[in-house]
Amino acid sequence: MAAKNFDLIVIGAGPGGYVAAIRGAQLGLNVVVVERENLGGICLNWGCIPTKALLRSSEVFHLMHRAKEFGLSADGIGYDLDAVVKRSRGVAKQMEGGVKHLLKKNKVTVIMGEATIPAKGKVSVKTDAGTEELTAKNIVLATGARARNLPGLEADGARVWSYRHALVPPHQPKKLLVIGSGAIGIEFASFYNTLGAETTVVEVMDRVLPVEDAEISAFAKKQFVKQGMTIMEKATVKQLDRGKDKVTAHIETGGKVQKQDFDTVISAVGIVGNVEGLGLDALGVKIDRTHVVTDEYCRTGVDGVYAIGDIAGAPWLAHKASHEGVMVAELIAGKHAHPVKPESIAGCTYCHPQVASVGYTEAKAKELGYDVKVGKFPFIGNGKAVALGEPEGLVKTVFDAKTGELLGAHMVGAEVTELIQGYVIGRQLETTEEDLMNTVFPHPTLSEMMHESVLDAYGRVIHM
């Protein structure tokens, strides 16, 4: 069978892949996407979207228990885990259908199958109907990543879960151990803890949410503990003894190992890139610790081969992948493309309370040699936060004392994952403290705290 020729082959239809395909098609390229599992990839089907649907259910459940605070009454409050999961899967399915529609609308060819790259400019796809041969001058690798399995801590789907198992749980945990307190781990800990699981989080680093600003991590930890979680920092799960109805975890902390029994364990100890089976080594694509090495334009060093999203390394965020997809498509189409700046990409964690950040932490800014000005503003000083019944939170901003550049912004509290974009835009536009202080923020809104935090950094805070 003769090979089918395209201008661009995208391997993987996650956020980066399908966006690269659509943008390429918009620019007049003949594009094909190869996907082995689900359109939308892990994020849409097994990550970002379904987890937010679960967390929304737990948020509503939490608010129902607070009805009396708002002058309301609610009796017989409960939940149906199967129904909660069914809604989550339904949301994911709807979004997958949306991606299918967008690809079709933009005349992108879609082939479901397993891709390999036998030679530069060639892709072989194994499908249910046989093998298809494709050729293109440009190939974009967007194969994503999967959960890391540590020896002895491997997920089995019964009592030890990966994020996939946690999204379609075979049972509601009563006593839950979560290994790892990054975004994935702490979101599942928050979800199941809210539904009543006795939850313990073990983190090998010296604090939970270790990539966040230390002050934000400490604030979040206090809230987690207040909610009933047990947080174990500088701790390592050395071994899991699996029984029929329980798992005994050997947890080392302070040089001593203690044994604790749990009925469920969620392993959230990072991810590894999906680089196997593609033929990348033979092609000459450099791989470092399961991730493809690229330059700022996502070029691999092999002519015509690009890598975007999780396979290309941190930050492992869908919006970073999508933006890289646009950049690469524009680069291939001969447009002037702007490289993605990792330090200007926001991170959002949808635990309760939410956590969001962009740019440098206070410690990192100082480490880089900046003389910094730091501003802070608590949620308790904001009328909208108090009216919402969400007075626990903090907004923190970090500026270069010499130039007024916004170096970083860090937030914990209600809806901060929506608020952070204001600071993201500020960094993109190279906004100074003067611009932010002269901006009129609407009242009453949570966003006013963003203004007050900036004012605080320069000794001009009003409501504190």
Would you say Val178 and Thr200 make side-chain contact, with heavy atoms under 4.5 Å? no

Report yes or no: does Thr131 contribute a side-chain atom to a donor-acceptor pair with the main-chain N or O of Thr127 at less than 3.5 Å? no

Is there a donor-acceptor pair closer than 3.5 Å between any side-chain N or O of Tyr423 and the backbone N or O of Met450? yes

Main-chain N/O of Met449 paired with Ser453 side-chain donor or acceptor, under 3.5 Å: no

Run the salt-bridge test on Glu362 and Lys396 with the 4.0 Å N-O cut-off and return the result as yes or no. yes

Listed by chain and number, what are the salt bridge (Lys or Arg N to Asp or Glu O under 4.0 Å) partners of Lys238, not counting sequence neighbours? Glu252

Is it the case that atom CD in Gln94 sees more than 12 heavy atoms from other parts of the structure closer than 6.0 Å? no

Sequence-distant partners of His323, ring-ring contact (aromatic ring centres under 6.0 Å, His included), two or more places apart: none

Is a donor from one side chain sitting under 3.5 angstrom from an acceptor on the other, for Gln354 and Thr417? yes

Do you know the tightest heavy-atom contact between Phe219 and Gly393? CZ-N, 3.3 Å

Would you find more than 12 non-hydrogen atoms of other residues, nucleotides or ligands less than 6.0 Å from Met229 atom CE? yes

At what distance, to the nearest 0.5 angstrom, does CD of Glu330 lie from CG of Leu29? 11.0 Å

Output every pair passing side-chain hydrogen bond (donor to acceptor under 3.5 Å, both in side chains) with a member in residues 26-45, not counting sequence neighbours, ordered by first then second residue. Arg23-Gln26, Arg36-Glu114, Glu37-Arg164

Compare every heavy atom of Pro169 with every heavy atom of Val85, then report the nearest pair and how far apart it is. CG2-CD, 3.6 Å

Give every residue pair that meets the side-chain hydrogen bond (donor to acceptor under 3.5 Å, both in side chains) criterion with at least one member in residues 99-113, sequence neighbours excluded. none

Do Gln227 side-chain atoms and His352 backbone N/O form a donor-acceptor pair below 3.5 Å? yes

Member of Val10, Val302, Val34, Ile117 meeting the side-chain contact (heavy atoms from CB on, under 4.5 Å) criterion with Ile139: Ile117

Is a donor on one side and an acceptor on the other found under 3.5 Å between the side chain of Thr300 and the backbone of Thr294? no

Here the pair of heavy atoms bringing Ile251 nearest to Ala235 is CG2-CB, 4.2 Å

Which heavy atom in Ser344 sits nearest to a heavy atom in Val424, and how many Å separate them? O-CG1, 3.9 Å

Would you say Glu154 has more than 12 foreign heavy atoms packed within less than 6.0 Å of its CD? yes

Cationic N near anionic O, under 4.0 Å, Glu324 to Lys320: yes

For Gly347 and Leu317 the tightest heavy-atom approach is CA-CD1, 4.4 Å

Does this structure show an ion pair linking Asp156 with Arg242, if we count only N-O contacts that are shorter than 4.0 Å? yes

With sequence neighbours left out, write down each residue that passes salt bridge (Lys or Arg N to Asp or Glu O under 4.0 Å) with Asp128, or none if nothing qualifies. none

Given Ser162 and His165, is the side-chain hydrogen bond (donor to acceptor under 3.5 Å, both in side chains) satisfied, shown in steps? CA-CA 5 Å; Ser162 69; His165 304 122; 3.2 Å; yes

Take atom CD1 of Ile184 as the centre, draw a 6.0 Å sphere, and report whether it contains more than 12 heavy atoms from other residues, nucleotides or ligands. no

Within the side chain of Ser217, is there an N or O that forms a donor-acceptor pair under 3.5 Å with the backbone of Val208? yes

I'd like to know if the side chain of Tyr192 reaches the main chain of Ala166, judged simply by a donor and an acceptor atom lying under 3.5 Å from each other, with no hydrogens or angles considered. yes

Please enumerate all residues that pass salt bridge (Lys or Arg N to Asp or Glu O under 4.0 Å) together with Asp295, with sequence neighbours excluded. Arg299

Quick one: do Ser190 and Asn193 satisfy side-chain hydrogen bond (donor to acceptor under 3.5 Å, both in side chains)? Show the steps, please. CA-CA 5 Å; Ser190 191; Asn193 187 73; over 6 Å; no

Taking Glu132 first and then Lys4, would you say they form a salt bridge - that is, a charged N and a carboxylate O separated by under 4.0 Å? yes

Using side-chain contact (heavy atoms from CB on, under 4.5 Å), reason through Lys286 and Val292 one step at a time and then give a plain yes or no. CA-CA 6 Å; Lys286 187 177 179 182; Val292 174; over 6 Å; no

Verdict with reasoning, His451 to Thr439, per side-chain hydrogen bond (donor to acceptor under 3.5 Å, both in side chains): CA-CA 8 Å; His451 192 213; Thr439 299; over 6 Å; no

Pairs in or reaching into residues 407-428: which pass salt bridge (charged side-chain N to carboxylate O under 4.0 Å, His left out), with residues at least two apart or in two chains? none

Kindly indicate, with the supporting measurements, whether the criterion side-chain hydrogen bond (donor to acceptor under 3.5 Å, both in side chains) is fulfilled by Glu133 and Ser124. CA-CA 5 Å; Glu133 303 297 337; Ser124 181; 3.2 Å; yes

Kindly say whether Pro15 contributes a backbone atom to a donor-acceptor pair with the side chain of His319 at under 3.5 angstrom? no

Atom CG of Asp241 with >12 non-hydrogen neighbours under 6.0 angstrom: yes

Shortest non-hydrogen contact from Tyr79 to Phe61? CD2-CZ, 3.7 Å

With distance as the sole test, does Asp288 use its side chain to make a donor-acceptor pair with the main-chain N or O of His291 at under 3.5 Å? no

Residue list, side chain to side chain contact (heavy atoms under 4.5 Å, CB included) with Lys175, at least two apart or on another chain: Glu198, Phe262, Asp263

Could you tell me which residues satisfy side chain to side chain contact (heavy atoms under 4.5 Å, CB included) with Pro442, sequence neighbours excluded, listed by chain and number? Thr445, Ser447

Can you find a heavy atom in the side chain of Leu209 that is under 4.5 Å from one in the side chain of Thr349? yes

Neighbour count >12 (heavy atoms, 6.0 Å) for atom CE, Met112: yes

For residues 397-409, which residue pairs qualify under salt bridge (charged side-chain N to carboxylate O under 4.0 Å, His left out), counting only residues two or more places apart or in two chains? none

Identify all side-chain donor-acceptor contacts of residues 268-279 below 3.5 Å with residues at least two apart in sequence or on another chain.
from	atom 1	to	atom 2	distance (Å)
Asn274	OD1	Arg146	NH1	2.8
Asn274	ND2	Thr143	O	2.9
Glu276	OE1	Arg146	NH1	3.2
Glu276	OE2	Arg146	NH2	2.7

Run the disulfide bond (SG atoms under 2.5 Å apart) test against Cys48 and tell me which residues pass, sequence neighbours left out. Cys43

Do Glu187 and Lys52 sit within salt-bridge range, that is, some charged N less than 4.0 Å from a carboxylate O? yes

What's the verdict on side-chain contact (heavy atoms from CB on, under 4.5 Å) for Val374 and Thr397, showing C-alpha distance, side-chain angles and the deciding distance? CA-CA 6 Å; Val374 176; Thr397 45; over 6 Å; no

Can you tell me if Glu203 uses its side chain to pair, donor with acceptor, with the backbone of Ser181 under 3.5 Å? yes

